Structure formats: C-alpha cells, structure tokens
S.K.: 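Sending over a structure as structure tokens; questions will come in a sec.
Along the sequence shown, residues are numbered consecutively beginning with 1. Nothing here was measured: the structure is a model prediction, and the numbers come from that model.
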Amino acid sequence: MPAPVLALQDVSKRFGPIEVLHGISLTLCSGEVHALIGENGAGKSTTMKILAGYQPASEGVILLDGKPVTFDSLRDGEEAGIVMIHQEFNLAEQLTVEQNIFLGRELKKGWLLDKSEMRRLTVSYLKRVECSVDPDALVSALSNSEKQMVEIAKALSRDARVLIMDEPTAVLTNRERKVLFEQVSALRATGTAILFTSHKLDEVAEVSDQVTVMRDGAVVYSGPSAEIDEDGMATTMVGRDVSDLYPPKPGVPSEAETVLSVKGLTVPGFAEGLSFDLKQGEILGIGGLIGAGRTEAMEGLCGLRAASVESVTLFGEPVQLKTPGDAQRRGLCYLTEDRKLRGLVLDWGMRENLTLQTLFKFGSFMIDTRAEDAALSHAITEFDIRAGSRSVRVGNLSGGNQQKLLLAKVMLSEPRILIVDEPTRGIDIGTKQQIYVFLRKLAAQGHAIIMITSEMPELIGLADRIMVMRLGQFAGSLVGPEISEDSIVRLSMGLEATSSNTAAVPPLAQDRFS
C-alpha cells in the first residue's frame with residue numbers, strides 16, 4: 001500500500017464572504033499519479049495552490065507525512081519538497097533558460113557563482129526532457145511548447161517529493177507529451193507523489209492511478225482510475241451527459257454565397273501563396289502540425305503581422321486589410337489563441353475588457369459606463385460567464401470563463417466572418433461543448449467561421465471543410481466523407497490523403513496531432 005505523503009483534510013477556502021472550496025479531502029501517495037479533474041471554476045487551481053503553499057486554507061488541515069503542517073509561503077512548500085508546474089508560465093521572460101532553472105537557488109563556488117556546474121546541470125535537465133533549446137536563449141524568444149518544457153526541466157531539477165502539474169500538456173506536441181509521460185513514469189518509479197490535472201481525459205486515463213473529480217468547489221468522486229472511464233469522468237465533472245459533444249453538421253448549401261476569397265497570401269517566413277474561399281454559414285477548419293504557419297497566415301490576413309496578398313474579396317468587394325481595424329470595420333474579426341497575453345488585460349475587470357475593442361460604441365469624449373454595464377450583463381447571460389462578482393479581476397477568472405469573456409468581446413464587434421484560433425485550449429469539456437454549440441449557432445445564422453485547432457476530434461467534429469497546412473502551404477482540402485483522421489495526418493506529413501474512410505469522432509478524446 002503506497003504511503004501517504006501530502007494530504008488535505010476537510011479544507012475550505014474563502015475569499016471574503018465567498019467560499020470557493022467546501023471541505024476538500026485529498027491524499028497524495030508515494031509512487032502514485034493522482035489526477036485532479038473538473039470544469040474550469042470547480043476549484044482545482046485553488047486546491048493545488050493550497051497544497052503547494054501559494055495560498056493558506058481558511059479551514060481544515062494539511063498533513064505532511066501524517067503530521068499537521070502550515071505553509072506560510074511558496075518557499076515553505078518547496079523546502080518541504082513540494083514543487084508545482086504552472087499552467088501559466090512561471091518564468092522570467094528576460095532571463096536565459098539557465099538563469100530561470102536556477103533562479104533563487106544559484107550554485108556557488110566560494111563567493112562566486114558556479115557557472116560551469118549550473119551549465120552542466122542545465123544541459124542535463126534539458127536533455128532529460130529532450131528539449132534542444134540553447135541554455136543561453138532568452139525565455140521571451142521561446143515558443144509556448146519550449147517554455148513548457150523548460151518549466152518541466154526546472155521542476156525536475158528540484159528533486160521533488162511531491163510534484164503538482166497544472167495542465168502540463170496544454171501546449172505540447174504529441175512527441176513532447178510522450179517525453180513528459182516518460183518522465184512521469186520515471187518519477188513514479190522513484191517514489192515521487194504526483195498530482196496531475198488535465199482537461200484531456202484520455203491523458204488522465206493513460207497516466208493516473210487515482211482520480212478525484214471536483215465540481216462547484218467540492219469533491220464529487222474519488223477512487224481508482226481503473227474504476228471510472230472517460231465518459232464517466234466527463235459526466236461526473238459537468239453533472240450532465242456530454243456524449244453528444246459536437247452539434248450536428250447540417251452541411252453548407254452548394255448555392256451558398258462566397259463571402260471571402262483570398263488569392264496569393266504570403267507571410268514572410270511562415271506562409272507562401274495561400275489561396276482559399278469561404279462560404280456563408282461554413283465552418284472551415286485549418287489543420288496541420290504546430291509550426292505549419294496556420295496562426296501566422298490568419299494573423300497576416302487580418303493585418304496583425306506583415307503580409308502581402310494578390311487579392312482579398314470580402315462580400316463581393318475587393319478590399320485591402322492593412323490593419324486589424326481595417327478587418328474589423330469590414331466585418332472580419334480574429335480571436336487570438338493566447339487569451340492571457342494578447343486577448344485580455346488580466347489586471348482589469350470584466351467590463352473594461354469586454355468593451356476595450358469597441359469603445360467607440362460607448363461614447364466619444366466620455367465613456368457611457370451604464371451602456372458598458374448593460375453590455376456586460378448581456379455577455380454574462382449570453383455566454384454563461386460565471387464569476388463571483390461583476391468587479392472580479394479577469395486574471396482571477398477560470399480559463400473557461402476567460403475564454404467566454406474573450407469570445408463575448410470579439411462578438412461585440414458584430415463580425416460577419418470570425419477567425420477563431422485554438423478556441424478551446426486549456427478549458428474543460430463542459431465549456432468546450434458550450435463553445436461548439438455557439439460556433440455552430442453562429443454558422444446557422446449566416447456567419448462564416450475559420451477555425452484553427454490542434455485538436456483532431458475538434459477539427460473532425462466541427463468543421464464542414466478542412467484545409468491542411470504543411471510547411472507554410474496548403475497540402476490539401478477535405479470535405480464530407482473525405483474527412484478522416486488518417487487523411488488529415490497524411491496531408492500534414494506530405495502524403496496523399498486516403499480516398500474513402502470516414503473516421504468516427506472519438507467524443508471525449510483530446511489528441512493533438514502535432
């Protein structure tokens with residue numbers, strides 16, 4: 001029987017008068033992977049922060065090796081051997097990879113820094129996770145997946161007794177995820193207790209020994225992973241059946257109007273000579289490996305980065321889109337893949353974030369705050385944004401509620417064509433279902449949607465037509481019965497698509513095909 005290392009007993013947490021955790025009990029054992037799952041806002045992040053010493057509990061007991069303990073700070077937790085890998089990168093952007101790995105615990109030789117030993121160890125830790133970044137590279141110059149691998153290498157360097165992993169695979173490719181899981185297995189074998197959170201339920205089933213499900217700040221299930229399947233996890237998380245994750249595809253009529261026509265779109269260094277059409281009421285999926293140029297191409301189209309194009313026709317009229325404002329005025333809006341850095345101002349409230357992109361609607365010299373409040377009330381209802389207070393700082397919202405607020409912000413521009421980039425990254429399955437229904441509803445109302453996604457089931461389950469990018473160019477197009485996982489993967493790898501095999505969409509799988 002594995003020995004308990006770290007546990008919560010009847011822990012509650014209040015922020016002011018609002019109680020967000022209600023009597024949580026959770027035990028992490030040596031040599032076990034314990035998955036903690038639940039919808040955004042269920043209380044997972046707060047639970048993990050209490051375990052790691054980031055936040056104190058309001059009531060209840062934390063046990064370390066069976067003895068009550070109090071962590072007054074993060075440093076107290078780390079000194080007890082508890083290390084947390086954050087979903088939101090906890091790296092100093094303007095320092096190097098090596099400096100980040102040893103930040104706050106630099107090695108010394110006498111009075112001087114032992115730079116040679118820190119370099120040797122940094123190379124060793126990066127090698128363990130098969131990360132080829134230069135130790136001297138600035139973190140700000142790394143991709144999101146490289147930053148995540150540096151976070152993981154940094155955690156491995158601390159020889160943790162307890163490792164808490166908050167959505168560690170959200171931005172990783174399949175290869176990087178495999179490397180991470182190999183490290184998880186190795187740590188489990190050495191007796192490390194691991195708490196693992198993920199919205200990808202196939203990962204939970206694959207890697208965990210125990211699973212605890214939270215809903216509305218309380219534990220609603222805890223037991224061996226072998227005793228609950230992915231469907232059971234999903235239903236327990238959201239309190240309703242989510243087997244019909246994707247809404248039906250009614251199909252795009254052949255006579256539907258072409259609302260966007262792009263010829264010869266080139267984004268230097270990322271995409272070259274892209275041409276495509278988009279029809280009214282269509283959801284066009286853009287697939288391909290990470291690095292294929294999908295995001296950069298659509299940013300170039302919307303004026304978010306330097307690009308050239310032979311022609312762009314919007315609603316039958318030739319246009320030039322030099323800036324995002326040009327695109328927005330023409331009815332074309334882009335929802336960024338990075339809600340925290342590029343989509344929302346985390347230190348601001350919901351109202352200010354919601355109306356920032358469309359302030360011209362709320363006054364010229366003076367902002368009509370009453371109108372802003374009315375718009376926020378509508379957004380909260382329309383997009384089911386859940387917050388304890390209307391004045392909450394957006395950085396304190398769950399990821400799913402941040403994403404719904406970002407979607408509401410973009411829709412306030414009244415776009416006729418919407419480009420959504422990774423619209424469900426890092427959010428729970430219940431919120432994903434809500435976003436899928438909303439996007440399909442938009443298409444039914446006559447909007448046209450371009451969806452960039454790295455989630456294979458999402459691409460297959462939602463898109464009417466799929467264009468696959470490879471090395472900055474379109475490798476092929478799939479529609480109707482041509483759409484299958486095999487065909488998408490083949491095109492992304494530079495092979496011809498198979499001609500006839502319609503793949504059933506795994507309803508709860510969250511595979512990234514990159």
Side-chain angles (χ1 to χ4, degrees), residues 15-16 18 20 39-41 45 88 298-299 302-304 323-428 430-443 445 447 449-452:
F15 293 101
I18 301 172
V20 297
E39 289 191 277
N40 288 111
S45 292
E88 301 167 20
M298 293 303 105
E299 287 181 341
C302 295
L304 286 161
T323 68
D326 292 341
Q328 182 176 319
R329 284 187 291 272
R330 297 283 186 173
L332 172 62
C333 286
Y334 173 79
L335 187 145
T336 178
E337 65 174 335
D338 192 341
R339 60 180 174 264
K340 294 182 184 298
L341 290 181
R342 302 178 62 188
L344 299 169
V345 183
L346 299 185
D347 286 333
W348 289 9
M350 291 194 294
R351 174 172 59 82
E352 294 86 353
N353 270 281
L354 176 68
T355 61
L356 181 60
Q357 190 168 305
T358 51
L359 274 178
F360 62 88
K361 289 187 172 185
F362 299 93
S364 51
F365 296 104
M366 296 288 290
I367 301 300
D368 186 344
T369 55
R370 285 189 178 183
E372 284 188 309
D373 281 330
L376 178 58
S377 294
H378 176 77
I380 288 171
T381 301
E382 177 73 13
F383 294 90
D384 189 29
I385 300 170
R386 302 177 187 182
S389 167
R390 291 170 65 96
S391 61
V392 67
R393 176 178 165 272
V394 165
N396 290 333
L397 291 175
S398 68
N401 285 306
Q402 287 178 354
Q403 189 72 0
K404 288 189 280 189
L405 178 64
L406 178 59
L407 187 54
K409 170 187 172 181
V410 172
M411 291 308 300
L412 205 55
S413 299
E414 301 180 47
R416 298 168 68 187
I417 299 173
L418 181 63
I419 300 175
V420 291
D421 196 348
E422 303 290 359
T424 66
R425 173 178 287 169
I427 63 177
D428 63 85
T431 305
K432 285 187 179 191
Q433 187 180 46
Q434 289 179 307
I435 290 177
Y436 297 154
V437 169
F438 178 77
L439 293 177
R440 181 52 68 187
K441 179 181 175 182
L442 279 182
Q445 292 171 346
H447 295 75
I449 298 166
I450 297 174
M451 178 182 67
I452 305 166

S.K.: So do the side chains of D373 and R390 get within less than 4.5 Å of each other, counting heavy atoms only?
M.R.: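 Yes, at least one pair of side-chain atoms sits under 4.5 Å.
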S.K.: Cut-off 3.5 Å, no hydrogens considered: what does the side-chain donor-acceptor table look like for residues 411-420, sequence neighbours left out?
M.R.:
from: S413; atom 1: OG; to: Q357; atom 2: NE2; distance (Å): 3.1
from: E414; atom 1: OE2; to: K361; atom 2: NZ; distance (Å): 2.8

S.K.: Nearest heavy-atom pair of A443 and I449: which atoms, and what distance?
M.R.: N-CD1, 4.2 Å
S.K.: Looking at every heavy atom in both L397 and A387, which two are closest together, and how far apart are they?
M.R.: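 Between these two residues, the closest heavy atoms are CD2-CB, 3.6 Å.
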S.K.: Walk me through whether T424 and T431 qualify under side chain to side chain contact (heavy atoms under 4.5 Å, CB included).
M.R.: CA-CA 8 Å; T424 66; T431 305; over 6 Å; no
S.K.: With sequence neighbours left out, write down each residue that passes side-chain hydrogen bond (donor to acceptor under 3.5 Å, both in side chains) with T336, or none if nothing qualifies.
M.R.: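 side-chain hydrogen bond (donor to acceptor under 3.5 Å, both in side chains) list for T336, sorted by chain: empty.
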S.K.: F383: which residues meet the ring pair (Phe, Tyr, Trp, His ring centres under 6.0 Å) condition with it, sequence neighbours left out?
M.R.: F438
S.K.: State, yes or no, whether a side-chain contact exists between W348 and L356 at a heavy-atom distance under 4.5 Å.
M.R.: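 A side-chain contact exists here, since the closest heavy-atom pair is under 4.5 Å.
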S.K.: Working to the nearest 0.5 Å, report the span between CG of L376 and CZ of R351.
M.R.: 8.0 Å
S.K.: Drop me the distance from Q402's CD to M350's CE, to the nearest 0.5 angstrom.
M.R.: 11.5 Å
S.K.: Over all heavy atoms of both residues, which pair between V410 and Y334 is shortest? Give the atoms and the distance, please.
M.R.: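 The answer is CG2-O, 4.2 Å.
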S.K.: Using 0.5 Å steps for rounding, measure from the NZ atom of K441 to the CD1 atom of I435.
M.R.: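 Answer for the NZ-CD1 pair, K441 versus I435, is 14.0 Å.
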S.K.: To check you understand the geometry: which heavy-atom pair defines the closest contact between C302 and A327, and what is its length?
M.R.: O-CB, 3.9 Å
S.K.: For a 4.5 angstrom cut-off between non-hydrogen side-chain atoms, does K340 reach L346?
M.R.: yes
S.K.: Which heavy atom of G399 sits nearest a heavy atom of R339, and at what distance?
M.R.: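 Closest heavy-atom pair between G399 and R339: O-NE, 3.4 Å.
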S.K.: Find out whether D384 and Q434 are in side-chain contact, i.e. whether some heavy atom of one side chain is under 4.5 Å from a heavy atom of the other.
M.R.: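 Result yes, sub-4.5 Å side-chain heavy-atom pair found.
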S.K.: If I compare all heavy atoms of G400 with all of I427, which pair ends up nearest, and what's the gap?
M.R.: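 For G400 and I427, the tightest heavy-atom pair comes out as CA-CG2, 3.5 Å.
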S.K.: Indicate yes or no: at least one non-hydrogen side-chain atom of M298 is less than 4.5 angstrom from one of I452.
M.R.: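 Yes - at least one pair of side-chain heavy atoms lies under 4.5 Å apart.
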S.K.: Hey, what do you get for CD (E352) to OG1 (T369), rounding to the nearest 0.5 Å?
M.R.: 10.0 Å
S.K.: Under the rule for side-chain hydrogen bond (donor to acceptor under 3.5 Å, both in side chains), what residues qualify as partners of T381, not counting sequence neighbours?
M.R.: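 T381 satisfies side-chain hydrogen bond (donor to acceptor under 3.5 Å, both in side chains) with no residue once adjacent residues are dropped.
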S.K.: Could you list the residues that satisfy side-chain hydrogen bond (donor to acceptor under 3.5 Å, both in side chains) with R440, not counting sequence neighbours?
M.R.: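 side-chain hydrogen bond (donor to acceptor under 3.5 Å, both in side chains) list for R440, sorted by chain: D464.
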S.K.: Less than 4.5 Å apart, side chain to side chain, heavy atoms only: is that true for L406 and K409?
M.R.: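 Contact flag for L406/K409 side chains = yes.
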S.K.: Does the side chain of L359 reach to within under 4.5 Å of the side chain of E372, using non-hydrogen atoms?
M.R.: yes
S.K.: A side-chain contact here means heavy atoms from C-beta on lying under 4.5 Å apart; do L335 and Q403 qualify?
M.R.: yes
S.K.: Test your reading of the model: is there a side-chain donor-acceptor pair from D368 to the backbone of G363, 3.5 Å cut-off?
M.R.: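 Not a single qualifying donor-acceptor pair exists.
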S.K.: Applying side-chain hydrogen bond (donor to acceptor under 3.5 Å, both in side chains), can you list everything that pairs with R329, at least two apart in sequence or on another chain?
M.R.: D326
